[in-house]
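Worksheet: one structure, shown below.
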Amino acid sequence: MVDNSVSRGSSITSETDDEPAAWETNMKAGQQLAEVIRTTLGPNGLDKMLITSDGKIIITNDGASILDRMNISNPVANLVVTVAEQQDSKVGDGTTTAVLLAGKLLSEAETLLERGVHPTAIARGYHLAASHAADALDDWTVSIDFDDDDRLREIARTVVTGKWDESGTEFLANKAVETVRAIERDGRVGFERITRKTIPGGSFYDSTVLNGLVIDMNESSTDVVSPETGLPRRYDDATIALIDQELSIDKPNGIGAVDLTSYEDYQALQDYERDIYESHADAITASGADVVFCQQSIDDPVRYLLARAGVLSVERTRRDELHKLARATGSQPVTIEELSSATVGTAETVDRRSVGPTEITVVSGFDEFKQVSVLFRGGTEHVAEETKRMLDNCFYALKLAIEDEAIVPGGGATEVGLARELRTFATGQAGKEQLAIEAFADALETIPRTLAESSGMDPIDAILELRTAHHDGASAAGLDLQTKSVADMTERGVLEPLYIKRRAVASAAEIATMIVRVDDNVSVTGDHGTHEHDHDHDHGPSGAVHSTEGYPWAVGHSMGH
Ligand code: ADP
Ligand code: MG
């Protein structure tokens, strides 16, 4: 955890020659991180992308995923990572943009400081630029038809591009749109309607979206409901009971309560237990239930008695799933004593299926509380987790797109447009602030520059061409990385939710301003802190970052079968 408290001991004017000023140390650390990120995510990012579709190797260059795997010890670097994490958890995308922008704002700030601009003026200029950019951003929204699934797929594709190969990107974009469309109600996308499950084995392309709520049966011993008991694989118009209590007998207590000195006593205990089991099973059948879900365990004899009566019992259902079942089926989780025909609910179908090594139950058919379940597959846990993360990012982007109906062109188009706007805005401002606002504009262009580098385009030519296009009124002109040319991003379908862009610009500005403003080193508890700069020279350009696994930004994993 980062301790954001900033001590304000020394001021920038009291620096001595042998001791670098605090801002210098802080900024150096921020820049180092930005440089590491630029070289790992940036220039080689998009062409070293990818998860191969033949299922052999996974490489991610998802900004958040990479930062997750880095073990960053420098406090300032940590602040930058915090920005990235916030960006990722709040909006699911735009992480690299936020970090690149923050890094560039810091190096621009250093240049300004060297030119004698006071940190306060820089901070003020950045703040002005950021709030003007936030207002101006609305002007870059493009109008598209949000009912058009093709458009939604383009938005999802823009999230994934650069991380997975083309067919993988296509597959994920399709799944994301299928999921979100299934649960969209009155223009709102409720994530509580989505259940995510990672099921080991299979290929990434075996990932599926199922209508209904998927309950994992692996925790539940299925032998007593095996085929020989004759339980159907599928129930139609099923009555569902939910039990919020353990249906078992605590053996040690049971034994302790009876003094087992004779065969008769043993028999008595058996009878006693059988009576309890039977009364449990009777209560459930009397409620009219076809399927019972229990949050805790159900002793095998009860399950057996229920199976004989044609009732499927599922034990150890997770609390959140029991809650979803309650909402979806209209039944109440109750104790066995409270269970009655008034507390049960219904589902159109309850379906038992095998997915790879896992037995699942799909409960579906609710109008009121429509549910979808996404089953993530992939040869290794890592692939499945990466798939999950990427799909989640797509869900976010689609939710924002559908709910806000606000989209901006990607491929650097919006950044170039904003930079242009800021340069005009700067001319009306006071001298020092003006410089900072122009620096902010330059920093925004680091996004198209990085995209150009990553696709092997000449970054200088690309920026000049983009500026010209925007000057000529092509406000959606961005970089088409496939054809390596400047093109209309709306036509090419490179589209991003406005909100993601807004957050990325705002959080980058926030962190840069914060670092420029502090007049002492940002301190953390423990050994880090004001002496961090002593080690700068030893560590080289990546001194701020210690990778945890050697090569964290491109983790290769073979996928077995
Ligand atoms: P990450 O998701 O890696 O953290 P960001 O979302 O911040 O990175 O940035 C990705 C950038 O790539 C965005 O500027 C987006 O517009 C751009 N992009 C995505 N797909 C394409 C594409 N097909 N052509 C051009 N640019 C693209
Ligand atoms: Mg992205």
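For ligands, and for the atoms within them, numbers begin at 1 and follow the listed sequence. All values below were derived from every heavy atom in this structure, side-chain atoms included, with hydrogens, water molecules and symmetry-related copies excluded.
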Query raised in the report: Take atom CD in Q482; do more than 12 heavy atoms of anything else shown fall under 6.0 Å from it?
Result: no

Query raised in the report: Looking at the Mg ion (ligand 2), which N/O/S atom of D93 is the nearest one?
Result: OD1

Query raised in the report: Who gets closest to atom 1 (P) of ligand 1 by heavy atom: I447, L101, T96, T169?
Result: T96

Query raised in the report: Which atoms from ligand 1 have a heavy atom of G94 less than 4.0 Å away?
Result: 5 (P), 6 (O), 7 (O)

Report task. Could you check whether the rings of W164 and F204 sit parallel, tilted or perpendicular, using 30° and 60° as the cut-offs? Result -> tilted

**Report entry** Basic-acidic side-chain contact under 4.0 Å: R153, D148
**Finding:** no

Query raised in the report: Can D480 be said to touch ligand 1, with heavy atoms closer than 4.0 Å?
Result: no

Report task. List the atom of H470, the atom of R420, and the distance in Å for their closest heavy-atom pair. Result -> O-NE, 3.8 Å

Report task. Describe, in one word, how the ring planes of F440 and Y126 are oriented to each other, choosing from parallel (under 30°), tilted (30 to 60°) and perpendicular (over 60°). Result -> perpendicular

Report summary line: Heavy-atom proximity to atom 23 (N) of ligand 1 ranks first, among L451, L495, T414, V494, for V494

Query raised in the report: Can you tell me how far CZ of R377 sits from OG1 of T387, rounded to the nearest 0.5 angstrom?
Result: 11.0 Å

Report summary line: Looking only at non-hydrogen atoms, the one of D93, T161, T97 nearest atom 9 (O) of ligand 1 is T97

Query - Student check: side-chain heavy atoms of R181 and V372 closer than 4.5 Å - result: no

Requested in this report: Could you list which atoms of ligand 1 come closer than 4.0 Å to a heavy atom of T95?
Outcome: 4 (O), 7 (O)

Requested in this report: Heavy-atom contacts with G410 under 4.0 Å: which atoms of ligand 1 show up? List them by number with element.
Outcome: 16 (O)

Report task. Measure R157 to ligand 1 on non-hydrogen atoms and call it side chain, backbone, both or neither using the 4.0 Å cut-off. Result -> neither

